[in-house]
Protein chains: 2
Amino acid sequence: MTVTLADVAARAQVSPATVSRVLNGNYPVAAATRERVLRAVDELDYVLNGPASSLAAATSDLVGILVNDIADPFFGIMASAIQAEICGPGGRAGGERLAVVCNTGGSPERELTYLTLLQRQRAAAVVLTGGAVEDAPHAAAVAAKLRKLTEAGTRVVLCGRPPAPGTDAVALTFDNRGGARRLTEHLLGLGHRRLGYIAGPGERTTTRHRLEGHRAALTAAGIEEDPRRTVHGRYDRQSGYEATLELLRRDASLTAVVAANDSVALGACAALRESGLRIPADVSVAGFDDLPFSVDTVPSLTTVRLPLAEAGARAGRIAMGREEAPPGGVAAIRGELMVRGSTGVPSAGK
Amino acid sequence: MTVTLADVAARAQVSPATVSRVLNGNYPVAAATRERVLRAVDELDYVLNGPASSLAAATSDLVGILVNDIADPFFGIMASAIQAEICGPGGRAGGERLAVVCNTGGSPERELTYLTLLQRQRAAAVVLTGGAVEDAPHAAAVAAKLRKLTEAGTRVVLCGRPPAPGTDAVALTFDNRGGARRLTEHLLGLGHRRLGYIAGPGERTTTRHRLEGHRAALTAAGIEEDPRRTVHGRYDRQSGYEATLELLRRDASLTAVVAANDSVALGACAALRESGLRIPADVSVAGFDDLPFSVDTVPSLTTVRLPLAEAGARAGRIAMGREEAPPGGVAAIRGELMVRGSTGVPSAGK
DNA sequence: GCGAGTACAGCAAGCGCTTTCTATCGAGAG
DNA sequence: CTCTCGATAGAAAGCGCTTGCTGTACTCGC
């Protein structure tokens with residue numbers, strides 16, 4: 001029923017071995033023969049059987065990209081850059097690798113499942129993006145998986161994710177702590193003293209690092225930590241909206257709200273506005289990531305720009321072995337403070 | 001070196017066949033034996049060899065999701081919903097399918113390449129999302145590929161994409177034409193007569209349908225088509241910004257700008273604002289899709305809501321055979337007009 | 001207590017491809 | 001004019017798993 005290598009071989013009057021060699025192009029084949037084989041492939045409309053090929057060659061051209069939330073541009077932008085680098089710029093250039101992105105939805109189990117599935121497929125490389133979950137057993141399980149993957153010849157790269165100790169995975173991590181710290185320092189510099197913080201989900205490294213940076217700035221300025229000024233939520237707009245209302249309820253005298261990321265900041269702005277507060281006259285707002293829409297909000301959002309696309313591209317190149325890993329296998333990527341219209345001097349009245 | 005089925009069999013003192021049956025669970029195996037096998041699997045840390053398994057069984061558990069631009073939430077939201085439906089809600093539930101999203105970047109070649117790659121892997125199903133490219137040869141090539149995929153047993157579903165004639169692909173298409181028409185009618189109803197239109201890339205179905213809806217409304221209102229009022233660009237913010245400037249240059253007396261989608265509308269707002277025009281007092285702006293951020297812009301964006309997540313979920317279910325295909329294999333999905341703050345009555349002065 | 005039926009378990013034949021090793025054919029080298 | 005070497009092409013042995021078919025114990029029914 002389906003066309004196989006043997007059919008092509010018969011039609012081209014050569015052996016299956018020769019057809020395979022023409023298709024893989026890593027063995028000398030006379031031009032005339034190659035020509036004949038390619039014509040047969042075309043005429044029969046032959047499509048290589050991937051599983052069979054991977055089985056025989058003990059390798060595959062699958063590259064997996066794990067993301068926490070595919071609907072979030074933060075991951076979309078990175079994934080896009082990684083994939084572009086893996087598949088090559090042109091259409092079918094770049095060795096025909098199948099770069100696929102897997103959506104874990106932030107679930108540790110799903111992350112592990114995907115890793116196993118990728119291991120099953122003997123993936124050529126795996127790129128994990130975004131913050132990790134800070135659960136010891138889970139972290140250990142992931143580390144073990146990664147170790148096994150590398151052992152099996154799969155290249156593992158972490159992009160925007162902290163290093164995984166005990167593994168050979170190359171890590172390109174964002175300096176979330178430093179970025180958050182500079183952001184809060186900016187607010188403090190403007191004169192703010194009562195700042196609310198909307199954090200992400202509690203068990204993630206990204207959440208913790210950003211929060212730590214924020215608190216470090218506060219501490220350095222001699223402001224004591226007040227747990228009532230921090231609310232945890234998801235990394236989305238809705239969460240920012242609700243958290244802001246909660247923050248306001250707890251202390252209506254806030255002069256600034258720092259959000260875990262730009263989407264959250266967007267929700268915060270909406271909540272503030274609906275509460276009759278002006279931005280930044282009454283309350284300043286700051287985000288994180290500098291997603292494309294952030295420059296277009298009104299007022300435009302002060303945030304920390306993370307070079308998502310650049311980091312992704314680099315991760316992709318490393319995964320393909322086209323760029324060397326950074327010394328020590330770890331590189332920290334700094335974020336750049338983008339001061340825009342949503343932050344200003346706190347009003348005297350407050 | 002690597003652990004194989006045979007190793008597990010040896011350890012559990014059974015035949016490889018039995019191990020395979022325990023793992024696939026579609027054949028009676030005594031509880032005690034199963035127990036023993038599972039223990040051996042665990043002890044040896046055995047991972048099934050995907051390619052070998054797919055080869056022998058002539059099927060695989062790969063499901064491909066093709067998107068035009070993974071960095072665009074429009075696709076991200078759909079992909080997320082599709083994937084959730086395919087992998088099941090829980091972590092490892094749902095038969096362990098590997099749902100992967102492939103980013104075509106809107107390139108026809110890449111689309112074909114991915115389709116071939118998926119065909120190679122003997123994918124269980126393929127979901128194509130978003131508008132198609134309107135190039136006859138390419139459309140034919142895609143149709144041929146889809147036909148071959150269905151023949152090979154791969155289920156093919158189109159989500160937010162027009163039907164592919166000559167194929168068995170189930171199509172869930174968005175009523176872009178109708179939505180666009182209602183949107184423009186809304187503007188017309190407010191009294192606008194000089195409306196600019198920022199269209200997407202010329203060769204896409206989505207672009208054409210939305211534009212047609214817009215023009216249909218215009219024509220019905222007795223407004224003749226003026227090609228100078230339409231500018232084509234990409235589906236992103238930047239493009240909207242530039243196109244708006246161009247539109248303004250051509251005719252500064254515009255009272256409304258209709259954008260191909262919300263991101264474009266965002267750029268349009270920025271350009272308008274920088275040009276000193278108020279929204280909607282001087283110029284009304286409308287988008288399309290109703291992405292999450294659209295409700296949070298200032299003023300909030302009038303747009304057409306497309307049930308992205310619902311459509312994706314349905315497509316996913318159909319792809320998994322968990323829901324019946326709509327009669328005729330085609331279902332049109334309507335968009336809902338969301339009238340918000342960015343559109344208003346044109347100012348008398350203009 | 002015996003034949004029939006049932007419930008498991010194993011054998012072995014592939015699935016379609018890659019790749020090592022071997023064979024063949026010329027062309028220069030000696 | 002024979003020998004050797006380079007360039008190609010083929011034969012065949014798997015890669016690790018699935019599954020149809022073939023046993024082999026038992027369990028029942030009468």
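- Side-chain atoms of Leu55(B) lie closest to dG16(C) of the nucleotides dG16(C), dT8(D), dG10(C).
- Contact annotation: Ser54(B) does not reach the phosphate of dC15(C) (side-chain N/O to OP1 or OP2, under 4.0 Å).
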_Would Arg314(B) and Glu323(B) count as a salt bridge (charged side-chain N to carboxylate O under 4.0 Å, His left out) here? Give the steps._
CA-CA 8 Å; Arg314(B) 187 159 166 212; Glu323(B) 177 174 324; 3.0 Å; yes
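- Separating the CZ atom of Arg34(A) from the P atom of dT8(D) is a distance of 10 Å, rounded to the nearest angstrom.
- Checking Gln119(B) against Lys145(B) by side-chain atom types alone, a donor-acceptor pair falls below 3.5 Å.
- With distances taken from any side-chain atom of Ala52(B) to the nucleotides dG16(D), dG16(C), dA11(D), the minimum falls on dG16(D).
- Put simply, CG on Asn26(B) is 9 Å from P on dT18(D), counting in whole angstrom units.
- The distance from atom OH of Tyr27(A) to atom P of dA7(D) is 11 Å, rounded to the nearest whole Å.
- Across all strands, Val14(B) comes closer than 4.0 Å only to sugar-phosphate atoms, never to a base (heavy-atom distances).
- When heavy atoms are screened at a 4.0 angstrom cut-off, Ala30(B) is found touching the sugar-phosphate backbone but no base atom.
- Note: CG (Leu5(A)) to P (dA12(D)) measures 17 Å, nearest angstrom.
- Within the 4.0 angstrom heavy-atom criterion, base atoms lie near Ser20(B).
- Taking 4.0 angstrom as the limit, Asn49(B) places none of its side-chain polar atoms (N or O) nearer than this to OP1 or OP2 of dC15(D).
- The distance from atom CG of Asp7(A) to atom P of dG16(C) is 9 Å, rounded to the nearest whole Å.
- Under the side chain to side chain donor-acceptor pair (under 3.5 Å) rule, Ser107(A) has a single partner from Glu109(A), Arg110(A), Glu111(A), which is Glu109(A).
- Across all strands shown, Ala17(A) has heavy atoms under 4.0 Å from base atoms, whether or not it also approaches the sugar-phosphate.
- At least one side-chain nitrogen or oxygen of Thr18(B) sits closer than 4.0 Å to the OP1 or OP2 atom of dG10(C).
- The distance from atom CZ of Arg21(B) to atom C1' of dG16(D) is 16 Å, rounded to the nearest whole Å.
- Taking atom CD of Gln13(A) as the reference point, atom P of dG10(D) lies 10 Å away to the nearest angstrom.
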Please test Leu23(A) against Val19(A) for side chain to side chain contact (heavy atoms under 4.5 Å, CB included), starting from the C-alpha separation and ending with a verdict. CA-CA 6 Å; Leu23(A) 264 24; Val19(A) 178; 4.0 Å; yes
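- Applying the 4.0 Å criterion to OP1 and OP2 of dA9(C), one finds that Ser15(B) has every side-chain N and O outside that range.
- When the nearest nucleotides of DNA chain D are assigned to Arg36(A) and Ser53(B) by heavy-atom distance, the more 5′-ward of the two goes with Arg36(A).
- Separating the CZ atom of Arg120(A) from the C1' atom of dG16(D) is a distance of 13 Å, rounded to the nearest angstrom.
- Other residues, nucleotides and ligands place no more than 12 heavy atoms under 6.0 Å from the CD atom of Gln13(A).
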